[in-house]
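One structure below.
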Protein chains: 2
Amino acid sequence: MTTIETIADQLKLLGDKTRLNIISILVQQEACVCHLVEILQTTQPNISQHLRKLKDAGLVKEDRRGQWIYYSLQIEDKPHIQAVVEYLPEAEEKVKTILNGLPCK
Amino acid sequence: MTTIETIADQLKLLGDKTRLNIISILVQQEACVCHLVEILQTTQPNISQHLRKLKDAGLVKEDRRGQWIYYSLQIEDKPHIQAVVEYLPEAEEKVKTILNGLPCK
DNA sequence: CAATAATATAAGCAAGTGATTATATAATAG
DNA sequence: CTATTATATAATCACTTGCTTATATTATTG
């Protein structure tokens, strides 16, 4: 069973613009830290720390591929999160452009 | 249009156990402050202040009836909030018992 | 091995948050 | 008008949060 308190804790994670942006990007496709830094125009540690919170809560999973760690959503078992995600505005074109470019440098 | 930032701000409001509990109660039926204090076992100013935040964000509306102010949800125009609400665990029996009792003292 | 790139972790700090206590306002009852 | 009940507001405080800067770790390349 999922308690109100657990749900509140997960929603609290979505209640931050940086994390919600990360999620709106990961809805489209997986991405690694350097991509997210580019798209969201912030620092690498900032993104890393937000990703850690999302990972600790089980909302994202990571997949290391050599030097890069790709993050993706893991919300199949979280209907109240899925419900929110459905109504997020689409992440912009910029996302695809950057994501389709070469890994980072 | 609703921006990611606006949605994040609304989700932030749901990301607190007291407020999410309030919402889960108001899904069932309207309630006044004294009811919520009873059900959630906290202080009157605490409930009042959470209700104010919810009201400022347009998530609840108030309806004064004499001495009492009844609060109810106002989320018809907020699909991402509705989506969350659908997946909240039902508020307990206790709620109905107290809500069906006489107004507060 | 050394240099570089991607990511993680740690420390510090300013700003925000949730709760409590005390007080004010508003409506009703007598 | 006075007392009481319901609610709101204000002040305070411990705690949390998001971001930055600095440093560590891990993998790749030559």
Side-chain angles (χ1 to χ4, degrees), chain A residues 4-5 7-23 25-26 30-57 59-72 98-99 101-105, chain B residues 4-5 7-23 25-26 30-57 59-72 98-99 101-105:
Chain A
I4 289 267
E5 199 158 347
I7 297 178
D9 285 341
Q10 292 179 350
L11 291 177
K12 191 177 299 177
L13 283 178
L14 304 199
D16 170 83
K17 69 175 192 304
T18 303
R19 282 191 299 265
L20 198 58
N21 267 310
I22 289 175
I23 289 173
I25 291 165
L26 296 185
E30 60 178 9
C32 56
V33 178
C34 57
H35 291 140
L36 298 170
V37 169
E38 275 300 309
I39 298 168
L40 299 179
Q41 289 289 300
T42 179
T43 63
Q44 175 267 313
N46 191 26
I47 295 292
S48 275
Q49 281 164 16
H50 282 301
L51 283 171
R52 182 137 109 92
K53 290 185 184 179
L54 292 173
K55 198 184 69 175
D56 287 348
L59 296 180
V60 304
K61 61 175 187 288
E62 57 182 42
D63 176 24
R64 170 148 237 155
R65 293 183 210 154
Q67 216 169 353
W68 298 276
I69 302 179
Y70 282 81
Y71 284 87
S72 56
I98 291 179
L99 285 172
L102 292 170
C104 279
K105 267 189 184 164
Chain B
I4 290 268
E5 200 158 348
I7 297 179
D9 285 342
Q10 292 179 349
L11 292 177
K12 192 177 299 177
L13 283 177
L14 305 199
D16 171 84
K17 68 176 193 303
T18 304
R19 283 192 297 267
L20 198 59
N21 267 308
I22 289 175
I23 289 173
I25 291 165
L26 297 185
E30 60 178 9
C32 55
V33 178
C34 58
H35 290 141
L36 298 171
V37 170
E38 275 300 310
I39 297 168
L40 298 180
Q41 291 288 300
T42 180
T43 63
Q44 174 266 313
N46 193 23
I47 295 292
S48 275
Q49 281 164 17
H50 281 302
L51 283 171
R52 183 137 108 91
K53 291 185 185 181
L54 292 173
K55 200 184 67 175
D56 287 349
L59 296 181
V60 305
K61 61 175 188 287
E62 56 182 45
D63 176 24
R64 171 147 235 154
R65 293 183 210 152
Q67 215 169 352
W68 298 277
I69 301 179
Y70 283 81
Y71 283 87
S72 56
I98 291 179
L99 286 172
L102 293 170
C104 281
K105 268 192 185 163

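In what follows, chains are A, B, ... by sequence order, proteins preceding strands, each numbered from 1.
Applying the 4.0 Å criterion to OP1 and OP2 of C:dG16, one finds that B:K12 has every side-chain N and O outside that range. Put simply, A:R52 has a side-chain N or O that comes within less than 4.0 Å of OP1 or OP2 on C:dT9. At C:dA8, none of the side-chain N or O atoms of A:K55 fall inside 4.0 Å of OP1 or OP2 (strictly under the cut-off). At D:dG18, none of the side-chain N or O atoms of A:T18 fall inside 4.0 Å of OP1 or OP2 (strictly under the cut-off).
Axis angle between the ends of the helix from C:dC1-D:dG30 to C:dG30-D:dC1, five pairs each and rounded to 10 degrees, works out to 20°.
Distance CD (A:E62) to P (D:dT25): 18 Å, rounded to an integer number of Å. Nucleotide C:dT17 holds its P atom 16 Å from the NZ atom of B:K17, rounded to whole Å. For the pair A:D56 CG and C:dA8 C1', the interatomic distance rounds to 12 Å; values are reported in whole Å. Taking atom CD of residue B:E38 and atom P of nucleotide D:dT5, one finds them 14 Å apart after rounding to whole Å. Taking atom CG of residue A:D63 and atom P of nucleotide D:dT26, one finds them 18 Å apart after rounding to whole Å. In this structure, CZ of B:R19 is placed 12 Å from C1' of C:dG16, rounded to the nearest angstrom. Here C:dA6 presents its P atom at 14 Å from CG of A:L36, a figure rounded to the nearest Å. Atom CG in A:L40 sits about 17 Å away from atom C1' in D:dT20, given to the nearest Å.
Shown here are the side-chain contact (heavy atoms from CB on, under 4.5 Å) partners of B:V37, two or more places apart in sequence or in another chain: B:V33, B:Q44, B:I47. Contacts of A:T42 classified as side chain to side chain donor-acceptor pair (under 3.5 Å), with partners at least two apart in sequence or in another chain: A:N46. Scanning for side-chain contact (heavy atoms from CB on, under 4.5 Å) contacts around A:D63 gives A:R65, with sequence neighbours left out. For A:K55, the salt bridge (Lys or Arg N to Asp or Glu O under 4.0 Å) partners two or more places apart in sequence, or in a different chain, are A:E62. With sequence neighbours left out, A:E5 forms a salt bridge (Lys or Arg N to Asp or Glu O under 4.0 Å) with no residue at all.
The salt bridge (Lys or Arg N to Asp or Glu O under 4.0 Å) pairs that include a residue from residues 32-54 of chain B are B:R52-B:D56, where partners are two or more places apart or lie in different chains. Applying the side chain to side chain donor-acceptor pair (under 3.5 Å) test to residues at least two apart or on different chains, the pairs with a partner in residues 11-21 of chain A are A:R19-A:H50.
For a disulfide, the SG atoms of both cysteines must be under 2.5 angstrom apart; this holds for A:C104 and A:C34.
A 4.5 Å side-chain heavy-atom check between B:L51 and B:I69 finds every atom pair outside the cut-off. Using a 4.5 Å heavy-atom threshold, the side chains of A:L54 and A:I23 count as touching.
Using a 4.0 Å cutoff on non-hydrogen atoms, the parts of residues 64-71 of chain B near DNA chain D are B:Q67, B:W68, B:I69, B:Y71, ordered by number. Taking a 4.0 Å limit (strictly below) on heavy-atom distances, residues 41-50 of chain B reaches DNA chain C at B:T42, B:T43, B:P45, B:N46, B:Q49, B:H50.
The two atoms that bring B:W68 and B:C32 nearest to each other are CD1-SG, 4.0 Å, heavy atoms only. Closest heavy-atom contact between A:A31 and A:L99: CB-CD2, 3.6 Å.
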